[in-house]
Protein chains: 2
Amino acid sequence: MRHDKKLTIKDIAAAAGVSAATVSLVLNGKGEISSVTRARVLEAVASLNYVPRVAKSGSAAAATLRFLKIAKHGHTVNRDHSVFISDYIDGMSSEASRRSYKLEIASFEGQPISAVAETIAGAPISGVIVLGTELTEEDIVLIQGLGVPTVFIDTFHPIVDANFVDMNNEDAVHKVLARFQEQGFERIGFVTSHVDTTNFRLRREAFFSNVDRLGITIDPADILSVESTYEGSYLDTRRLLSDGLKLARCYFCTNDIIAYGFIRALREHGVSIPGDVSIIGFDNLPQSATMNPSLTTIEVSKRKIGYLAVAILDEIINAGEPQPPVKILVGAELVLRDSHDAGNSNGTATLLRSGSVADQLISSSSARKA
Amino acid sequence: MRHDKKLTIKDIAAAAGVSAATVSLVLNGKGEISSVTRARVLEAVASLNYVPRVAKSGSAAAATLRFLKIAKHGHTVNRDHSVFISDYIDGMSSEASRRSYKLEIASFEGQPISAVAETIAGAPISGVIVLGTELTEEDIVLIQGLGVPTVFIDTFHPIVDANFVDMNNEDAVHKVLARFQEQGFERIGFVTSHVDTTNFRLRREAFFSNVDRLGITIDPADILSVESTYEGSYLDTRRLLSDGLKLARCYFCTNDIIAYGFIRALREHGVSIPGDVSIIGFDNLPQSATMNPSLTTIEVSKRKIGYLAVAILDEIINAGEPQPPVKILVGAELVLRDSHDAGNSNGTATLLRSGSVADQLISSSSARKA
DNA sequence: TGGGGGAAAGTTTAGTAAACGTCTGCGGTG
DNA sequence: CACCGCAGACGTTTACTAAACTTTCCCCCA
C-alpha cells in the first residue's frame, strides 16, 4: 500500500476488524483493550504504514517523565547503592505506567549542574524526578528555577520552595537510639562521615536531636568520622583502632556500607560483634542480610518514595493553577539481625543471655510488624 | 409493588430503560455513567424497593471516611477558625467523592480521647481523618493504636508511627523572617502563646531555628506571650504596654487571631501600624484582608491538606500490605498587605518612603507569584 | 441433614455508537 | 494571489451494552 494513498483511522479499523474508536484508544493507550485486539490494531498500523492526521507532539502515545540520576562526586551515588536506584525506579515505573506516563532515565556523573539543566529545558518531557542525594541547596534551586514540573528525592530541605520525597531520618534514628536505650547500653557511639550529602547531615542532626529527646548522654569521643566507602571506612577505623580508640558498647553507623567496613576492622582487631560491640546500620542493602554477622539496620521503602514522587509530580503537571510545594517524609523500619544483641554494658550470665535471645526473637517479630 | 415480589436487577434495568450491567455499575459506583442515567436507575431502585440479592456489608454503595473534628480545649479549634475546618472539608470532600468515598463528619468538644476512640472501633467506616490540632502525642498514639486506617491533619510528630499531613511551619516562618530581614528591620519581635498545640510549638521552634539560620539577633524582651483568643491577646498586650513594654520594630504573630488583638491594643496605645510597628500574622483568615490595616500574613492551602489526607488514607485502605508511615508538609505563601511595610528602623524621608511603596507593590506581585 | 449441581442473579471486561472537538481543504471575495 | 469562512473529514471521548465470568441460592438425592 503506497504512502501517498491517504489512509485514515477507518482504513486501519477495517483492516483490524474493529471500530475507529478502538483504534484511537489503542494508539492513545486509553480505555480497556485486550492485548489480542491491541496487537491486531498495531499490526494493521504497521503493515499499512498509517500516519495519523493529527501530528503528535512527541509522537509517543504517553507523556514522558524523566528520572535524573545525578552523581556529582559519587561518594554515595555509586555501584554500592545501585540497588536503591533500582528500587526507586521500580516504584516510579509502576506508578508512572499506572498513570500512563513513560519513564525515561538519564544519568550524569561528575558533570556540572548547568549541564544537567541544559538537557531539561525545552526537552519533550512532562516533568522530572531528580535524585538529589549529592545535590546542594543551590543545585536544587537552579533546577527548580527551570520551571519544569520537578520532584526531588533522597534529599530534603524544609524551606526551599520545591517538592521533596525523602526518608524520615528523624524517625529512623529515633528507632535506633530507642532500641539501644531499651537494651540498657550506656555507652552509645555514632559512626558518621564528613561527606557532604543532605541525608548524612540530616542523619547527624537526627542523632543529636534524638539523643536530647531520649535523654541520652554521649561522650564526644564516641562520635567517629570515617570515609563513606567500604574501603575508606575500613581503613579509617583501623587507623582509629591503632591510635588506641576506646570502643563504646554499641554504634549506629550512618549507612550500611560504612557499617561493613567498620565491622571488618573491629573483627580484625579481635572485637566480637555483637558480643563486645553492637552495630546498627542504615539502608538494608541486600548484603546486610547475608553477611556474617548479619547486620541489624534501618529499612526505608525506596519503592514507596519512587511511587509518591510520581504521584506528586502528576499532580503538579495536571494542576490547573500553581500548587504549594509539598514535602513528604516516608517512615522507616528497624530490621533486627545478628550484629546487634540485647546484651547490656556489663557482662551477662548465660541464662540472661538466653532470655535475651528469646526477647530478641519477640522484638524482631514486633519490629517487623510496626 | 410488594416487597415479597422477588425483584431482580433485570426489573430495575427494565424500569430505568438500561441494561442490567448499567444498574450494577450504578449501584457499585463503578464505570462511566452519566448523572442523568444514574438518577434514573436510583429512582427505579427506590420506587420499586429493590433489595439486591447479594448482601452488602455496609449497605452503602460507597465506602465511608470519617472526619473527626476534635476540640479538646477549644483554644484554637473554635468558631474563630471555622473557615479552616471548612477548607479542610472542601479538600477532603472533593477528593473523597473522586475516589468514591462518602465523607462523614463527627465533632467532639471537651470529651476525653477515650470517648472519641469508642466511636471509631467497630464503626462501619473504611478510615478516619483526625483533626489533630489540640491533640497530644499520647492522644495520637491511642487513636493510631485502634488499627483503623488513620491520617492526622493540622499536627505533626516526626517520630510517631502515624500518618500526618500538616503545614510546613519551618518554611512559613522562614518566609516571614526573611521578609523582615530583607526590609532591614533590626529589631524583630515574636508574639507567641502559651497554649499547648503542636503547631504553636512547631511555629515557636521554627522561629528560633530560622533566627539561627538567618543570623538574626533577638532580644528576649521582644518575645511576647499572650492568650490565644482575640480578647485575651488584646488584654494581655494592653497589660504589657501599660507595664512599659518597649516595642520592637516588627512582630511576627503566631496566628491571625493573636495579631488582631495585638494590633488593636497597639493602635489604642497610639502606635501606628505599619509606620511604627510592622505586623505579620499566620493563617490568612478572611478578616485579614478586610480589616484596617489589612494584615500581611501566611497563607497555607488547607484544601490541599484535606486533599492529600484523603489520597494517603485511600492508599492505606487499599494497600495489600502494611505501608510505612508517611508525613507530608504542605508549603506556605506570604501574602503582603498593609500591616507590614518596607520601612526601616530609622525614620525615612518621604521620597524614600514613596519608593518603598513602589517596592512593596512589586514585592507583593512577586510574593503572590511564588 | 448435608453435599453437589445447575440455574439465576449480579459483576466485570472490553468493544462500539454517537457525540464532541479539531483540522484541512475548498470556494468565494477583495 | 492571498485571506477568510464554512463544511466535511478525521480523530477522540463518553457512556452504554453484549457477553463472559463469578457468586449465590435452591433443589434434589443419598
Side-chain angles (χ1 to χ4, degrees), chain A residues 1-46 48-63 97-102 126 314 318 320, chain B residues 1-46 48-63 97-100 318 320:
Chain A
M1 192 63 76
R2 290 308 184 86
H3 196 67
D4 52 10
K5 165 82 191 280
K6 196 67 182 179
L7 281 169
T8 72
I9 213 165
K10 284 181 189 170
D11 301 312
I12 306 300
V18 297
S19 67
T22 299
V23 175
S24 180
L25 293 173
V26 168
L27 293 183
N28 290 292
K30 300 191 172 182
E32 297 172 343
I33 310 291
S34 73
S35 51
V36 172
T37 303
R38 184 184 301 111
R40 224 163 56 230
V41 171
L42 294 176
E43 185 180 346
V45 169
L48 297 184
N49 263 327
Y50 169 68
V51 176
R53 189 187 72 170
V54 182
K56 303 209 187 285
S57 57
S59 86
S97 76
R98 202 177 73 81
R99 293 170 185 251
S100 304
Y101 286 108
K102 286 190 179 176
S126 302
D314 186 38
N318 290 313
Chain B
M1 193 61 74
R2 289 308 186 90
H3 196 67
D4 52 10
K5 166 81 190 282
K6 197 68 182 176
L7 280 170
T8 73
I9 212 163
K10 285 182 187 168
D11 302 311
I12 306 300
V18 298
S19 68
T22 300
V23 174
S24 179
L25 292 173
V26 170
L27 293 181
N28 289 294
K30 300 190 174 185
E32 298 172 343
I33 310 290
S34 74
S35 52
V36 172
T37 301
R38 185 185 298 111
R40 225 164 55 231
V41 171
L42 294 175
E43 185 180 345
V45 168
L48 296 183
N49 263 329
Y50 169 68
V51 176
R53 187 186 73 173
V54 181
K56 301 204 189 285
S57 56
S59 87
S97 76
R98 201 177 74 82
R99 291 172 188 252
S100 305
N318 289 315

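Numbered from 1 within each chain, the chains take letters A, B, ... in sequence-line order. Basis for what follows: all heavy atoms, side chains included, without hydrogens, waters or symmetry-related copies.
- Put simply, CD1 on A/Ile9 is 8 Å from C1' on D/dT12, counting in whole angstrom units.
- Nearest heavy-atom pair, A/Thr37 versus A/Val18, reported as atom, atom and distance to 0.1 Å: CG2-CG1, 3.7 Å.
- Rounded to an integer number of Å, the gap from CG of B/Asn28 to C1' of C/dT12 is 10 Å.
- Minimum interatomic distance between A/Tyr50 and A/Leu27 (heavy atoms only, all atoms of both residues): CE2-CD1, 3.9 Å.
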With 3.5 Å as the limit, what N/O pairs link the protein to nucleotides 16-18 of chain D?
unit_1: D/dC16; atom_1: OP1; unit_2: B/Ser34; atom_2: OG; d: 3.0
unit_1: D/dC16; atom_1: OP1; unit_2: B/Thr37; atom_2: OG1; d: 2.5
unit_1: D/dC16; atom_1: OP2; unit_2: B/Ser34; atom_2: N; d: 3.3
unit_1: D/dT17; atom_1: OP1; unit_2: B/Ser19; atom_2: N; d: 3.4
unit_1: D/dT17; atom_1: OP2; unit_2: B/Ser19; atom_2: N; d: 3.0
unit_1: D/dT17; atom_1: OP2; unit_2: B/Ser19; atom_2: OG; d: 3.0
unit_1: D/dT17; atom_1: OP2; unit_2: B/Thr22; atom_2: OG1; d: 2.4

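- Contact check, B/Lys30 against C/dT11: no side-chain N or O comes under 4.0 Å of OP1 or OP2.
- Using a 4.0 Å heavy-atom criterion, one finds that A/Ser24 contacts the bases of the nucleic acid, with or without backbone contacts as well.
- Summarising the geometry, the separation between CG on B/Leu7 and P on C/dA8 is reported as 17 Å, rounded to the nearest angstrom.
- Proximity of B/Tyr50 to the phosphate of C/dA9: no side-chain N or O atom is located under 4.0 Å from OP1 or OP2.
- Considering every non-hydrogen atom in both B/Ala15 and B/Leu48, the closest pair reads CB-CD1, 3.9 Å.
- For the atom pair B/Ile33 CD1 and B/Leu25 CG, the distance stands at 4.5 Å (nearest 0.5 Å).
- Expressed to the nearest 0.5 Å, how far CG of B/Asp11 lies from OG1 of B/Thr8 amounts to 4.0 Å.
- Judged by distance alone, the side chain of A/Arg38 and the main-chain N or O of A/Val26 form no donor-acceptor pair under 3.5 Å.
- Look at NZ on A/Lys10: it is 10 Å from C1' on D/dG11, rounded to the nearest Å.
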